[in-house]
Number of protein chains: 2
Amino acid sequence: MLPGCTVQELVDRVAGKWSVCILVAAADGPIRFTELERAITGISRRMLTLTLRNLERDGMLVRTVYPTVPPRVEYSLTPMAQELHAALLTIITWAERHRADVAQARERYDTRT
Amino acid sequence: MLPGCTVQELVDRVAGKWSVCILVAAADGPIRFTELERAITGISRRMLTLTLRNLERDGMLVRTVYPTVPPRVEYSLTPMAQELHAALLTIITWAERHRADVAQARERYDTRT
DNA sequence: CGGAATCCGGGATGATACTG
DNA sequence: CAGTATCATCCCGGATTCCG
């Protein structure tokens with residue numbers, strides 16, 4: 001696993017905090033900007049925009065603009081991103097299964113003499 | 001996917017750049033500090049130490065000290081971390097498979113008028 | 001509604017030096 | 001060999017403002 005290699009960069013990019021949130025939130029179908037903003041507690045508008053742009057640039061998201069008033073923009077996962085989402089779910093499931101274990105390990109580590 | 005929730009934090013922690021590198025490097029068996037330093041190009045000694053401590057604290061790594069001269073310290077994955085490593089391999093494999101796709105998507109995005 | 005642009009503070013990170 | 005300590009820096013991301 002060499003830093004600087006493309007795979008490393010790609011893993012970093014898609015494993016980012018907000019990227020994961022967006023991929024999960026958009027997994028169930030097209031979702032609007034404001035819906036994402038509400039679904040992802042704590043994200044700033046700026047980071048939402050930037051992360052969406054990066055994911056779109058990487059071919060993970062399709063951005064569809066409906067020229068209505070008010071404007072309506074929907075984001076949906078590409079097939080490639082759906083594969084990624086499935087893989088991410090494995091990690092998330094793992095994290096849920098071991099949440100208590102990690103908490104316990106931390107406590108033991110922190111209370112060591 | 002709510003930021004602030006424990007699962008989110010855990011995914012963030014284990015999905016970190018150096019954490020992934022260390023987990024991969026240690027997957028094939030116990031590995032020494034200096035071996036990690038050489039295996040992970042670009043990591044500073046400081047970040048290696050900090051990331052190792054965090055992974056150990058979270059119960060992902062076991063640190064074994066052999067009281068020899070010079071000192072010998074080996075790090076190995078816990079069963080929990082081995083499960084995580086398997087899941088990470090899925091992501092890494094995905095990244096390798098789609099490396100070219102992402103590069104092409106970026107080029108198209110950047111050269112758009 | 002869905003952004004873009006700007007400013008700016010702090011935590012993450014690197015560099016360097018020292019040590020049991 | 002396997003770290004720790006300290007300082008300096010840098011850039012990530014929040015806050016704010018403005019816009020079609």
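Every chain is numbered from 1, with letters handed out A, B, ... down the list of sequences. Below, all heavy atoms of this structure are taken into account, side chains as well, without hydrogens, waters or symmetry copies.
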Length of the [atom1]-[atom2] vector between [X] and [N], whole Å:
X     : N      : atom1 : atom2 : answer
B:L52 : D:dT4  : CG    : P     : 10 Å
A:R53 : C:dA5  : CZ    : P     : 11 Å
A:L50 : D:dA15 : CG    : P     : 15 Å
B:R38 : D:dA2  : CZ    : P     : 9 Å
A:L48 : D:dC12 : CG    : P     : 18 Å
B:R63 : D:dC1  : CZ    : P     : 16 Å
A:W18 : D:dC12 : CH2   : C1'   : 13 Å
B:I43 : C:dT13 : CD1   : P     : 10 Å

### Query
Would A:R106 count as a cation-pi partner of A:Y109, with NZ or CZ less than 6.0 Å from the six-membered ring centre and within 45° of the ring normal?
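Judged by the rule, A:R106 and A:Y109 form no cation-pi pair.
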What nucleotide among [options] has an atom nearest to a side-chain atom of [X]?
X     : options              : result
B:M47 : D:dA2, C:dT13, D:dC1 : C:dT13
A:V73 : C:dG2, D:dG14, D:dA2 : C:dG2
B:T49 : C:dG14, D:dG3, C:dG3 : D:dG3
B:P71 : D:dC1, C:dG14, C:dG3 : D:dC1

### Query
Which part of the nucleic acid, if any, lies within contact of B:Y75, taking any heavy atom under 4.0 Å across all strands shown: a base, the sugar-phosphate backbone alone, or nothing?
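Sugar-phosphate only.
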Please name the pair of heavy atoms, one in [X] and one in [Y], separated by the smallest distance, quoted to 0.1 Å.
X     : Y     : value
B:Y75 : B:L36 : CD1-CD1, 4.2 Å
A:V14 : A:V20 : O-CG2, 3.6 Å
B:L23 : B:H85 : O-CD2, 3.8 Å

### Query
Are B:L61 and B:Y66 connected, step by step, through hydrophobic side chains (Ile, Leu, Val, Met, Phe, Trp, Tyr) whose heavy atoms are closer than 4.5 Å?
no
### Task
May I ask you to decide if B:A87's main-chain N or O and A:T90's side chain share a donor-acceptor pair within less than 3.5 Å?
no
#### Entry: B:T51 side chain vs B:S19 backbone, donor-acceptor pair below 3.5 Å
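Flag not set: sc B:T51 to bb B:S19 has no pair under 3.5 Å.
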### Query
Looking at residues 26-36 of chain B, who's got a heavy atom less than 4.0 Å off DNA chain D?
B:R32, B:F33, B:T34
### Message
Would the base of D:dT16 count as contacting A:R45 through its side chain, where contact means a donor and an acceptor less than 3.5 Å apart?
### Response
no
